[in-house]
Enquirer: 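Please find one structure pasted underneath; my questions will follow.
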Amino acid sequence: MKPRRIFNENVALAEAKAGRLRGKELRKAIKIADEFGKSTVANELKLFLVESTSFAGDDAPVEVRERVAQGISALTAMGNSLTRTRQMLKNHGVIETINRIARYPAATKNFDRLCTANLEHLTAEAIILDFPHLFDPQAVLVAQKRLGR
């Protein structure tokens, strides 16, 4: 007889939020959550796939770095590779990468994807408007326009 598997979603989420559930173990928890039919928990765990420490160092506060990491994680979980964005984050850091993304007045596919998934707060534009003092004035204007604020 096979031992019965258990899954404590509260512990898994707490461990992921604290940064103690990472890599292979995080992916295993996501798989188990899916197997137990806990898709909401699996989706929330997927927000922690990318670690904010993988970005180049800059003056971005921890909260900004975490939100960017969660946005990248969400888009990755949706099947987007984000190769160029990840490279920019590694080479230039969070603030410069977001400034570069916001230089273009047209909304990006990733902006649309996050908004459609009710994750607007993880868009570069929402982060810019929550921390306008960190970003170029042009980036703030573009973010206001895209978000209609």
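Side chains included, hydrogens not; waters and symmetry mates left out as well; all remaining heavy atoms used.
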Enquirer: A29 and F7: which non-hydrogen atoms are nearest, and at how many Å?
Expert: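 What the structure gives for the nearest pair is O-CE1, 3.8 Å.
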Enquirer: May I have the step-by-step check of side-chain contact (heavy atoms from CB on, under 4.5 Å) for T40 and E9, ending in yes or no?
Expert: CA-CA 10 Å; T40 303; E9 62 192 72; over 6 Å; no
Enquirer: In plain terms, say whether E120 and R149 are close enough for a salt bridge, that is, a side-chain N and a carboxylate O under 4.0 Å apart.
Expert: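 So E120 pairs with R149 through a salt bridge.
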Enquirer: How would you list, by chain and number, every residue that makes a side chain to side chain contact (heavy atoms under 4.5 Å, CB included) with A117, sequence neighbours excluded?
Expert: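 Once residues adjacent in sequence are excluded, the partners of A117 under the side chain to side chain contact (heavy atoms under 4.5 Å, CB included) criterion are M78, L119.
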Enquirer: How would you list, by chain and number, every residue that makes a salt bridge (charged side-chain N to carboxylate O under 4.0 Å, His left out) with R113, sequence neighbours excluded?
Expert: none
Enquirer: Looking only at heavy atoms, what is the nearest atom pair of T123 and C115, with distance?
Expert: CG2-SG, 4.2 Å
Enquirer: State the CG-CZ distance between L122 and F111, to the nearest 0.5 angstrom.
Expert: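 Result: 12.0 Å between the selected atoms.
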Enquirer: Check side chain to side chain contact (heavy atoms under 4.5 Å, CB included) between A139 and all other residues, then give those that pass, not counting sequence neighbours.
Expert: N99, A102, I128, F135, D136
Enquirer: Go through the structure and list residues passing side-chain hydrogen bond (donor to acceptor under 3.5 Å, both in side chains) with S81, not counting sequence neighbours.
Expert: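 Scan of S81 (side-chain hydrogen bond (donor to acceptor under 3.5 Å, both in side chains), adjacent residues dropped) gives T83.
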Enquirer: Just jot down the side-chain hydrogen bond (donor to acceptor under 3.5 Å, both in side chains) partners of E35, sequence neighbours excluded, or say none.
Expert: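 Partners of E35 by the side-chain hydrogen bond (donor to acceptor under 3.5 Å, both in side chains) criterion, ordered by chain and then number, come out as R5.
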Enquirer: With sequence neighbours left out, write down each residue that passes side chain to side chain contact (heavy atoms under 4.5 Å, CB included) with Q144, or none if nothing qualifies.
Expert: L129, V140, L141
Enquirer: Indicate yes or no for a side-chain donor-acceptor contact from S39 to the backbone of D34 under 3.5 Å, with no hydrogens or angles considered.
Expert: no
Enquirer: In a table with atom names and distances, give each donor-acceptor pair under 3.5 Å that connects a side chain of residues 60-68 to protein atoms at least two apart or in another chain.
Expert:
| unit_1 | atom_1 | unit_2 | atom_2 | d |
| --- | --- | --- | --- | --- |
| R65 | NH1 | A56 | O | 3.3 |
| R65 | NH1 | D58 | OD1 | 3.3 |
| R65 | NH2 | S52 | O | 3.0 |
| R65 | NH2 | F55 | O | 3.1 |
| E66 | OE2 | S52 | OG | 2.8 |
| R67 | NE | H121 | O | 3.1 |
| R67 | NH1 | D130 | OD2 | 2.9 |
| R67 | NH2 | H121 | O | 2.7 |
| R67 | NH2 | D130 | OD2 | 2.9 |

Enquirer: Not counting sequence neighbours, list each pair that qualifies as a side-chain hydrogen bond (donor to acceptor under 3.5 Å, both in side chains) and has a residue in residues 42-51.
Expert: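 Counting only pairs at least two positions apart or across chains, the side-chain hydrogen bond (donor to acceptor under 3.5 Å, both in side chains) contacts touching residues 42-51 are K17-E44, R22-E51.
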Enquirer: Identify, with sequence neighbours excluded, every residue that meets salt bridge (charged side-chain N to carboxylate O under 4.0 Å, His left out) alongside E25.
Expert: none
Enquirer: Do V11 and F36 share a hydrophobic cluster (ILVMFWY, side-chain heavy atoms under 4.5 Å, transitive)?
Expert: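 No, V11 does not connect to F36 through the hydrophobic network.
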Enquirer: Where do E125 and V142 land on the side-chain contact (heavy atoms from CB on, under 4.5 Å) test, with the steps shown first?
Expert: CA-CA 8 Å; E125 294 78 2; V142 169; 5.7 Å; no
Enquirer: Give the minimum heavy-atom separation between L114 and G71, together with the two atoms involved.
Expert: CD2-O, 4.2 Å
Enquirer: Measuring from L134:CG to I98:CD1, what's the distance to the nearest 0.5 Å?
Expert: 9.0 Å
Enquirer: Is it true that, when you exclude D59 itself, more than 12 heavy atoms of the residues, nucleotides or ligands shown sit nearer than 6.0 Å to its CG?
Expert: no
Enquirer: Can you list the residues that meet the side-chain hydrogen bond (donor to acceptor under 3.5 Å, both in side chains) rule with E15, with sequence neighbours excluded?
Expert: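 E15 satisfies side-chain hydrogen bond (donor to acceptor under 3.5 Å, both in side chains) with R20 only.
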Enquirer: Kindly indicate whether the side chain of R100, heavy atoms from C-beta on, has any atom under 4.5 Å from the side chain of M88.
Expert: yes
Enquirer: What pairs with R27 under salt bridge (charged side-chain N to carboxylate O under 4.0 Å, His left out), at least two apart in sequence or on another chain?
Expert: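 If we apply the salt bridge (charged side-chain N to carboxylate O under 4.0 Å, His left out) test to R27, skipping adjacent residues, there are no hits.
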Enquirer: State which residues pass side-chain hydrogen bond (donor to acceptor under 3.5 Å, both in side chains) with S54; sequence neighbours excluded, sorted by chain then number.
Expert: none
Enquirer: Go through the steps to decide whether R86 and T76 satisfy the test side-chain contact (heavy atoms from CB on, under 4.5 Å), and finish with yes or no.
Expert: CA-CA 11 Å; R86 287 176 185 255; T76 300; 2.7 Å; yes
Enquirer: Quick one: closest heavy-atom pair of L26 and A16, and the distance?
Expert: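 Residues L26 and A16, closest heavy atoms: CD1-CB, 4.3 Å.
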Enquirer: Which atoms form the tightest heavy-atom contact between E96 and H92, and what is the distance?
Expert: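 Closest approach of E96 to H92: CB-O, 3.6 Å.
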Enquirer: Can you tell me how far the CG atom of L75 sits from the CG atom of L82, to the nearest 0.5 Å?
Expert: 5.0 Å
Enquirer: Look up atom CD1 in I6 and atom CG in N8, then write down how far apart they are to the nearest 0.5 Å.
Expert: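 Going from the CD1 atom of I6 to the CG atom of N8 covers 7.5 Å.
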